[in-house]
Participant: 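I have a structure I would like to understand better, so I am pasting it below and will then ask my questions one at a time.
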Amino acid sequence: MYNIIRFFLFLFNPEFAHHLAMKSLKIANFFGLLNLISKRNRCKPRTIMGLQFESPVGLAAGLDKNAEYIDCLSKLGFGFIEIGTVTPRPQKGNPKPRSFRLTREKGIINRFGFNNDGIDKVIQNIKKSKFRGILGINIGKNFDTPINKAIDDYLICFRKSYLFASYITLNISSPNTKGLRKLQGSDNLEKLLKKIKTEQKILNKQYKKYVPFLIKISPDNTNLQLTSICKLLIKYKIDGVIATNTTLSRKRVSASNKRNESGGLSGLPLKSSSLKTQKFLKLKLDGKIPIIGVGGVMSGEDGKEKIDNGADLIQIYSGLIFKGYGLIHELCRAIK
Ligand SMILES: Cc1cc2nc3c(=O)[nH]c(=O)nc-3n(C[C@H](O)[C@H](O)[C@H](O)COP(=O)(O)O)c2cc1C
């Protein structure tokens with residue numbers, strides 16, 4: 001079935017196809033059609049970061065940046081949904097075209113640059129939704145906020161998200177916001193983690209609700225960089241880490257005519273570097289901090305490989321585009 005839908009969607013440019021697919025999903029949900037698939041995709045629940053996940057298969061950030069489709073997406077069988085990246089102020093993102101399909105390689109290059117409606121609007125959307133499952137809110141900085149003021153942007157989004165998120169992700173690894181990845185460097189990262197951890201303690205006391213936060217890292221870090229990231233994660237007792245965001249490497253798509261498009265590459269060509277990063281984290285964190293594995297999960301086997309190599313949960317994005325929601329079911333079957 002999805003092969004036919006995919007054939008039709010792939011006739012259009014990726015951004016238009018995305019909007020078309022999401023609007024169609026909303027219509028299908030309105031007519032109750034998504035309820036027909038909702039109950040089939042359950043696998044073993046697990047408790048991670050103090051949260052109960054109905055299944056370990058989640059939706060990665062970027063697909064529903066403004067939390068407009070949570071209700072429909074939840075019916076596809078995800079165990080959790082991460083929305084965003086959202087910034088303090090609304091912003092348009094980079095000029096179009098900004099998303100490219102590498103069909104043969106099963107990859108996507110995107111340089112959206114955090115196009116989103118801003119945190120206030122996103123929170124309004126969340127309030128309107130009926131979804132009561134695990135919701136992650138992925139936050140970032142506005143493109144025109146200098147890197148030395150970035151923490152302020154994270155703090156704004158963190159405070160505004162706190163009561164509406166099951167967990168909050170600090171996205172410090174998108175390659176499409178100038179300088180963002182510098183926040184992974186030890187000095188910047190230490191300042192960021194210290195501030196957010198303090199804020200988490202204050203908000204926890206104020207609202208009597210503990211909301212875990214994670215950082216999302218890049219697959220392009222060296223082992224030395226990863227080692228210092230791990231030390232800080234342990235030092236500040238961070239709740240979790242998401243590995244990984246998209247890559248700047250084009251090593252695995254050197255034959256594609258899209259290889260020179262700037263932006264982050266996801267999907268199958270990202271699989272090995274993402275898994276390598278995850279394995280290194282597992283080794284250094286020694287089970288002390290939960291890992292969400294994401295990057296290149298295109299089949300049940302890929303998902304199982306991530307879980308077998310230390311991921312507590314997994315997320316998908318590109319796999320959903322190339323294989324459809326059947327992949328969620330396939331992953332649940334493979335992971336159990
Ligand atoms: C079109 C597109 C937009 C994305 N936007 C975001 C984003 O806003 N924030 C974020 O943290 N990750 C974003 N990502 C990265 C994904 O969440 C994920 O980490 C990455 O694509 C690797 O997973 P995959 O290989 O399953 O796609 C985006 C990915 C794609 C393909």
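When a ligand or atom number is given, it counts from 1 through the structure's own listing order. Just so it is clear, the structure is predicted and the values come from calculations on it, not from any experiment.
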Participant: Closer than 4.0 Å to some heavy atom of Val294 - which atoms of ligand 1 meet that?
Facilitator: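 Checking each atom against Val294, I get 18 (C), 19 (O), 22 (C), 23 (O).
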Participant: Around atom CG of Leu224, are there more than 12 heavy atoms from other residues, nucleotides or ligands closer than 6.0 Å?
Facilitator: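 Counting neighbours around CG of Leu224, 12 or fewer heavy atoms of other residues, nucleotides or ligands fall under 6.0 Å, so no.
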Participant: Side chain or backbone of Glu82 under 4.0 Å from ligand 1, or both, or neither, by non-hydrogen atoms?
Facilitator: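 Under 4.0 Å from ligand 1, Glu82 contributes no heavy atoms.
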Participant: Answer yes when Lys26 and Glu68 have at least one side-chain N-carboxylate O distance shorter than 4.0 Å, and no when they do not.
Facilitator: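 Between Glu68 and Lys26 there is no salt bridge, as every charged N stays at least 4.0 Å from the carboxylate O atoms.
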Participant: Is the gap between the ring centers of Tyr69 and Phe131 under 6.0 Å?
Facilitator: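 Aromatic pair excluded; centres sit 6.0 Å or further apart.
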Participant: Any N or O of Gly319 that comes nearer than 3.5 Å to an N or O of ligand 1?
Facilitator: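 It does not: no N or O of Gly319 is found under 3.5 Å from an N or O of ligand 1.
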Participant: Report, as yes or no, whether the 6.0 Å neighbourhood of atom NZ on Lys197 holds more than 12 heavy atoms from other residues, nucleotides or ligands.
Facilitator: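 More than 12 heavy atoms, drawn from other residues, nucleotides or ligands, come within 6.0 Å of this atom.
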Participant: Quick check on contacts: which atoms of ligand 1 are under 4.0 angstrom from a heavy atom of Asn171?
Facilitator: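 So the answer, numbered in order with elements, is 9 (N), 10 (C), 11 (O).
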Participant: For ligand 1, which atoms, with element, lie under 4.0 Å from some heavy atom of Gly84?
Facilitator: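 In order of numbering, the contacting atoms are 8 (O).
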Participant: Under a 4.0 angstrom heavy-atom cut-off, which atoms of ligand 1 come close to Leu270?
Facilitator: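 It comes down to these atoms of ligand 1: 22 (C), 25 (O).
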Participant: List the closest protein heavy-atom neighbour of atom 4 (C) of ligand 1: residue, atom name, distance to the nearest 0.1 Å.
Facilitator: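 So the nearest neighbour among protein heavy atoms is Gly62 CA, 3.7 Å.
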Participant: Counting only heavy atoms not in Lys209 (residues, nucleotides, ligands), do more than 12 fall under 6.0 Å from its NZ?
Facilitator: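 Result for NZ/Lys209: enclosed.
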Participant: Give the intermediate values and the outcome of side chain to side chain donor-acceptor pair (under 3.5 Å) for residues Thr247 and Asp220.
Facilitator: CA-CA 6 Å; Thr247 179; Asp220 301 329; 2.6 Å; yes
Participant: Looking at Ile335, Ile291, Ile292, Val294, which hits side chain to side chain contact (heavy atoms under 4.5 Å, CB included) with Ile314?
Facilitator: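 Answer to the side chain to side chain contact (heavy atoms under 4.5 Å, CB included) test with Ile314 among Ile335, Ile291, Ile292, Val294: Ile335.
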Participant: Among protein heavy atoms, which lies nearest atom 27 (O) of ligand 1, and at what distance?
Facilitator: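 Of the protein heavy atoms, Ser318 OG, 2.6 Å lies nearest.
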Participant: Going by the atom numbers of ligand 1, which of them fall below 4.0 Å from some non-hydrogen atom of Asn138?
Facilitator: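 Close to Asn138: 10 (C), 11 (O).
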Participant: Residue-level breakdown please: for Thr85 versus ligand 1, do any non-hydrogen atoms fall below 4.0 Å on the side chain, on the backbone, on both, or on neither?
Facilitator: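 Both parts.
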Participant: Salt bridge or not between Arg252 and Glu105? Use side-chain N to carboxylate O under 4.0 Å.
Facilitator: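 No salt bridge links Arg252 with Glu105.
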Participant: More than 12 heavy atoms of other residues, nucleotides or ligands under 6.0 Å from NZ of Lys323: yes or no?
Facilitator: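 For Lys323, atom NZ is crowded (more than 12 foreign heavy atoms under 6.0 Å).
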Participant: When you look at NZ of Lys231, are more than 12 heavy atoms from neighbouring residues, nucleotides or ligands closer to it than 6.0 Å?
Facilitator: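 No, NZ of Lys231 has 12 or fewer neighbouring heavy atoms, counting only those of other groups under 6.0 Å.
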Participant: List the closest protein heavy-atom neighbour of atom 13 (C) of ligand 1: residue, atom name, distance to the nearest 0.1 Å.
Facilitator: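 Looking at atom 13 (C) of ligand 1, the protein heavy atom closest to it is Ala61 O, 3.3 Å.
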Participant: Hey, does Asn110 come in under 3.5 Å of ligand 1, counting only N/O atoms on both sides?
Facilitator: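 No: no nitrogen or oxygen of Asn110 is under 3.5 Å from one in ligand 1.
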Participant: Looking only at protein heavy atoms, which one is nearest to atom 31 (C) of ligand 1, and what is the separation?
Facilitator: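 Protein heavy atom at minimum distance: Ser266 OG, 3.4 Å.
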Participant: Counting neighbours of CD on Glu301 that are heavy atoms of other residues, nucleotides or ligands and sit closer than 6.0 Å, is the number greater than 12?
Facilitator: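 At most 12 heavy atoms, drawn from other residues, nucleotides or ligands, come within 6.0 Å of this atom.
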Participant: At a non-hydrogen distance cut-off of under 4.0 Å, which region of Asn245 contacts ligand 1 (side chain, backbone, both, or neither)?
Facilitator: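 For Asn245, the contact with ligand 1 is made by both the backbone and the side chain.
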Participant: For atom 8 (O) of ligand 1, find the nearest protein heavy atom and state the residue, atom name and distance (0.1 Å precision).
Facilitator: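 Its nearest protein heavy-atom neighbour is Lys65 NZ, 2.9 Å.
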Participant: Can you tell me if Ser99 contacts ligand 1 (heavy atom of the residue under 4.0 Å from the ligand)?
Facilitator: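 Flag not set, Ser99 not near ligand 1.
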Participant: Would you say Ser174 touches ligand 1, if touching means a heavy atom closer than 4.0 Å?
Facilitator: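 In this structure, Ser174 fails to qualify as a contact of ligand 1 - no heavy atom is under 4.0 Å.
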Participant: Please classify the Leu63 to ligand 1 contact at 4.0 Å (heavy-atom distances, strictly less than): side chain, backbone, both or neither.
Facilitator: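 Looking at Leu63 and ligand 1, no heavy atom falls under 4.0 Å.
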Participant: Distance to 0.1 Å, residue and atom name: give those for the protein heavy atom nearest to atom 1 (C) of ligand 1.
Facilitator: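 That would be Tyr317 OH, 3.3 Å.
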Participant: With heavy atoms of Gly296 as the reference, note each atom of ligand 1 found under 4.0 Å away.
Facilitator: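 In order of number, 24 (P), 25 (O), 26 (O).
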Participant: Test side-chain contact (heavy atoms from CB on, under 4.5 Å) on Leu51 and Phe80 and set out the steps.
Facilitator: CA-CA 10 Å; Leu51 302 169; Phe80 61 110; over 6 Å; no
Participant: So, Gln200 and Tyr210: side-chain donor and acceptor under 3.5 Å apart, yes or no?
Facilitator: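 A pair is found: one side chain offers a donor N or O, the other an acceptor, under 3.5 Å apart.
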Participant: Hey, looking at atom 18 (C) of ligand 1, which of Gln315, Lys271, Lys216 has the closest heavy atom?
Facilitator: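 Residue with the shortest heavy-atom distance to the ligand atom: Lys216.
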Participant: Yes or no: does Leu320 have any heavy atom under 4.0 Å from an atom of ligand 1?
Facilitator: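 False for this residue.
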